[in-house]
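Please read the structure below before turning to the comments.
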Amino acid sequence: MEKEIKLVSTPEGREKLFSLPLIRESILPGTEEILELQNVYYDTPDMALTKAGLACRIRQTNGKQWEVTIKTKGTTHNGLSQREEYTVPVTQPVPVWSGFSPEMDAKLYSLLEGKSWAPFCTVAFTRHLALLNLGKGNQAELALDSGTIQAGENEAPLAEVELECKMGSMDAITAFVGKLKELLPLQPENRSKLARGLALLENKSQKSEK
């Protein structure tokens, strides 16, 4: 189960984020790094996965490692999202629909049997991340993402902050975000990267109809 809070800030706020004493004092030694990531989302021509509340993503890390992730729609409120997530490593950037869990594999088989699928959205971004110690056994991964979302002929900038629960409770992360809001302008973001990509596709569809 993926549990995270997604936030947006100003350019100045994002620039200050990792230099804040609150952040620097919380980073676990040796966990801070910068990654180059590319997410490519796949679906069938009739968008069977999207209609079923699922997402299939191939992520490439630093141009050499791939993994396929299936996510459920889950719930989102005030930037806090909770959804099921299944990930398997692959040796090439080709989507798979088995190896996740017996239940998910069966669901994917029923949705995709006999159908072709293709990429429809790409998100390329730089991620500055670190693991934070929030005390009392609570840990969160802080990620600052900057890049672009492209779907069809449309493109939009990506700039967001994520805090994902790695150990402990979401209450500790919510409290930590409250402290961050006293230092930086932060607003909840309820849209996932995929949701914004789908919105770009919708814009393309509306233009085509016109």
Side-chain touch Trp117/Leu49, heavy atoms, less than 4.5 angstrom: yes
Met47 and Phe120, any side-chain heavy atoms less than 4.5 Å apart: yes
Is it true that [X] and [Y] have a side-chain N and a carboxylate O under 4.0 angstrom from each other?
{"X": "Glu84", "Y": "Lys71", "answer": "no"}
{"X": "Arg57", "Y": "Glu85", "answer": "no"}
{"X": "Glu164", "Y": "Lys166", "answer": "yes"}
{"X": "Asp46", "Y": "Lys115", "answer": "yes"}
{"X": "Arg24", "Y": "Glu32", "answer": "yes"}

Check: residues 140-148 side-chain donor-acceptor pairs under 3.5 Å, at least two apart:
unit_1 : atom_1 : unit_2 : atom_2 : d
Asp145 : OD1    : Arg127 : NE     : 2.8
Asp145 : OD2    : Arg127 : NH2    : 2.8
Asp145 : OD2    : Lys193 : NZ     : 3.1

Glu155, CD: over 12 other non-hydrogen atoms inside 6.0 angstrom: yes
Glu15 CD: over 12 foreign heavy atoms closer than 6.0 Å: no
Same cluster (ILVMFWY, side-chain, under 4.5 Å), Val8 and Phe18: no
CD on Gln139 to SG on Cys165, rounded to 0.5 Å: 9.5 Å
Modelled atom types, side-chain donor and acceptor of Asp171 and Ser169, under 3.5 Å: no
Distance-only side-chain donor-acceptor flag, Thr76 / Asn190, under 3.5 Å: no
